[in-house]
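Each remark here refers to the structure printed beneath this line.
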Amino acid sequence: MTVPTTGAHQMDRRRFLTATLGAAGALALGACTDADQRAAPGATTGRPRLRIGAPQDFGFPSPFSYLAGPGYTRMSYLYDTLLWKDSSGELLPWLARTYQGSDDGLTYTFELREASWSDGRPVTADDVAFTFEYFAAQTISPLVLAQPRYVAAVEATGERSVRFTLDTPAVTFPEAVAGAIPIVPRHVWSSIDDPGAAQDPEVLVGSGPYRVESYQAGTGAYLFTAREDYFLGPPFVERLEIRGVGNELNALLGGEIDGGLSTVTGVQPVALRPFRADPSFGIIEDTGGFAIPLYFNLARGGALADVRFRQACALAIDRSELVDRLLGGNGIPGNPGYLAPNHPFHVDVEQYPFDPAAANRLLDEAGYVRPGGGGPRQGPDGAPLRFGVSVLNTIPAVVELVVGSLVAVGVELVPQLLSLPALLGARSRGDYEMTVNFDGGVGGDPDSMRATYSSTVGGTFSAGGYADPELDELATRQLVTQDEAERRQLIGRMQGIVARDVPLLPLYYPTLYFAFDERVFDQWYFTPGSAGASGPFPYNKQALITGRQTGVDIRAVNESE
Amino acid sequence: MRTLRSPLIVAGGGLLVAAAVVAILAPALAPYHPRALVGLPLQRPSAAHLLGTNDIGQDIFSQVIWGTRPSLTVAVGASALAVFTGVLVGVGAGLAGGRADSLAMRVVDLFLALPVLPLLVLIAALAGASRLVIILVIGLIRWPEIARVTRGQTRTLRHRGFVGAAQGFGAGVPYLLRRHLVPALGPVIAAGVVSVATIAVLMEAGLAFLGLADPTVVSWGLMLNRALLFPGLYYSALWTWWVLPAGLAISVVVLGLTFVGVGLEPTFNPRLGPRR
């Protein structure tokens, strides 16, 4: 289970993307219903045609101008990577037939399959080398999540063989680079100077399984049709339509789409009731891809920079009750060690079980006294324990519970509800004391811990102002080590440190649900740790191409899976 | 005084008085503290929770009762501010006349052109939407219509014999205001109060509904905001006890204000009234 973390900034962008999607998805209400269109229009080939929904536009689907994770997914239908994941979470050879890494982790060689661009020309090793040169030479928006890291040189050593040289060993290279960077044709892009601005459909020449028939900027409507000459064979799903809808589950219920995602901040069981009640719907779920953390801005100093204060907050908030009340049990209580308990790299760390009396004792000992006349505690310098907390405006209920928990131990929070862009803006400027929002990078490769906690990285989703030399060193070592057991041990130690220091406190990991009409297509899955830079979502092209959940063999129309 | 007995004013006034009583007696009337977690989330209405519980287990009935307070506070505050400012400027301009009058009226025109909701959304987003901010913004935006009407009335009154007589006997502006102008302006002021209060109630709820209000206050708009953000709200009967009561409460207060306003209309504009 690993994720495409090609580096800190990239991780950040990926989370921005998932964040964007979540916010829009959380905007409730919506979706007028067409007449029942649920039966699959079998059309000519009998292969499925799918309609899915999206709450907003994720950009022109070129490798240089898509927006965030969902935008990456759309782009991935047009462009291939050297490697790609299926539902097992393992990287399959994709555009590459085989690959091999050197023992020192500095060299990787790939042999390409025979594949063609959508304009009929062959995909060559030279295109691969060009792709990395071109990325390196351009300035590309940070919302374009998949951008190369660690690569010093790429050389075409034959018509279809290519060699990568890295500037540092990076254990995440196969996934974060070879499994995430879309290969682009030299003959299209070599003459384009500003790739982000190239938004003519003519430039969308890819090696991928689909062509884009139409893209509607603004509404986020996309129409993809299968390439019958795709190198793995004609894709199983012959047509994929992405519709702009307000609330995906409502749209699914209304028959507008064939599969819909729940809000990423979590849902109560009642929101799934209609889909559980109707046997024609299937539901898949994933927990641990998103976290809802409470962030402390340590850079503000005072109590926020005092580890005892943060530990007391952890003791004062009943995270199990948050899951019960907010989600009706549809989630996992937050783990101070950051990774969800179901993450393959998770180790047991200090949990700070709910204990307001212990929180009060800790605050007393730390010198935060309750003033005689009531009101919040005061620090040794006389400053009251009163902090602003900015909260994503789609999850107002969580802050109410957190505020109540902390008031009980003499800590006063002044909540402010902000839209996602305003919240991310405030975070990146350091203009906050505490915040609650969501993080879509927690479920992938544990290199996410480096992006979140290392003081050498920094970014919108990092623990503001936190710096621990030991953690920084471990974060660097886990990236370069080629020894899986050692990496596991290093990441375990990192979890122990952040659980001790609590620079941020995951409150809970909401369960994400995807409900779908089984009669149309039933091979959906959440890719473990994200497919490419898509984020924790269920739209992996592997399933659409093959009609199966694993491998690259394409299922025949009448074959059952 | 006859108009005060019109059925519309009696009905509207009754609704408003009832709302005011609920607001004042909220601590006694509400079975629970509106923010306390007093039950499991999403309970159906029962004897223990007349309107069930919300998404985190707060008593919805208690919230509806407590929600009366911010609505009425904003209504009273904003209309008091608007009337005070409006009467001051209107009467001042009407009595002063000349350049001061023209200047005041141009300012009034300027303010009348301001769109209230977009401005409020902007201010709320930038400065936060505390109740005080809402009161100030609505009060300071809506005074001009009151100023304009009072100015007109004042100019008419100024030329009436009794005002001239009082001035002849040496009456100053404060005396004129107290004894002659304000009483004569009564119906105009009442209509102004109703108009501003209606806007204030709707704006307060509207901002909260848009998620721009102080999230720690219990208000009808915030209840609606929370309910409509809830995924799957319409997949069960949940909305009937979570959305409807708060929406009805807003409607009742606005209806009360509207009745009173329409009831006052004949005094305000005699041509609409019954023939004497």
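Protein chains get the first letters and strands the later ones, always in sequence-line order, with residue 1 at the start of each.
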- Query: Which class fits the ring pair Trp524(A) and Tyr539(A): parallel under 30°, tilted 30 to 60°, perpendicular over 60°?
  - Reply: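 Rings of Trp524(A) and Tyr539(A): perpendicular, as their planes differ by over 60°.
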- Message: Below 4.5 Å, heavy-atom pairs only: which of Leu42(B), Leu37(B), Leu212(B) has the largest tally toward chain A?
- Response: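 The option with the most such pairs is Leu37(B).
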- Task: Report the C-alpha distance between Asp286(A) and Tyr513(A) in whole Å, list the side-chain angles of each, state the deciding distance to 0.1 Å, and finish with yes or no for side-chain hydrogen bond (donor to acceptor under 3.5 Å, both in side chains).
- Result: CA-CA 7 Å; Asp286(A) 180 52; Tyr513(A) 295 88; over 6 Å; no
- Item | Residue Val403(A) versus chain B: region with a heavy atom under 4.5 Å |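 Nothing of Val403(A), per the 4.5 Å heavy-atom cut-off to chain B.
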- Side-chain (Tyr235(B)) to main-chain (Asn250(A)) donor-acceptor, under 3.5 angstrom: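 Flag set: sc Tyr235(B) to bb Asn250(A) pair under 3.5 Å.
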- Heavy atoms only, distances under 4.5 angstrom: which of Gln416(A), Glu321(A), Arg273(A), Arg325(A) has the most pairs with chain B? Name it, please.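 Of the candidates given, the most pairs with chain B belong to Arg325(A).
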- Item | Phe516(A)-Phe275(A) aromatic ring centre distance below 6.0 Å |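 Not close enough - the centres of the two rings lie 6.0 Å or further apart.
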- Message: What part of Leu233(B) gets within 4.5 angstrom of chain A, counting heavy atoms only: side chain, backbone, both, or neither?
- Response: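 When you check distances to chain A, no heavy atom of Leu233(B) falls under 4.5 Å.
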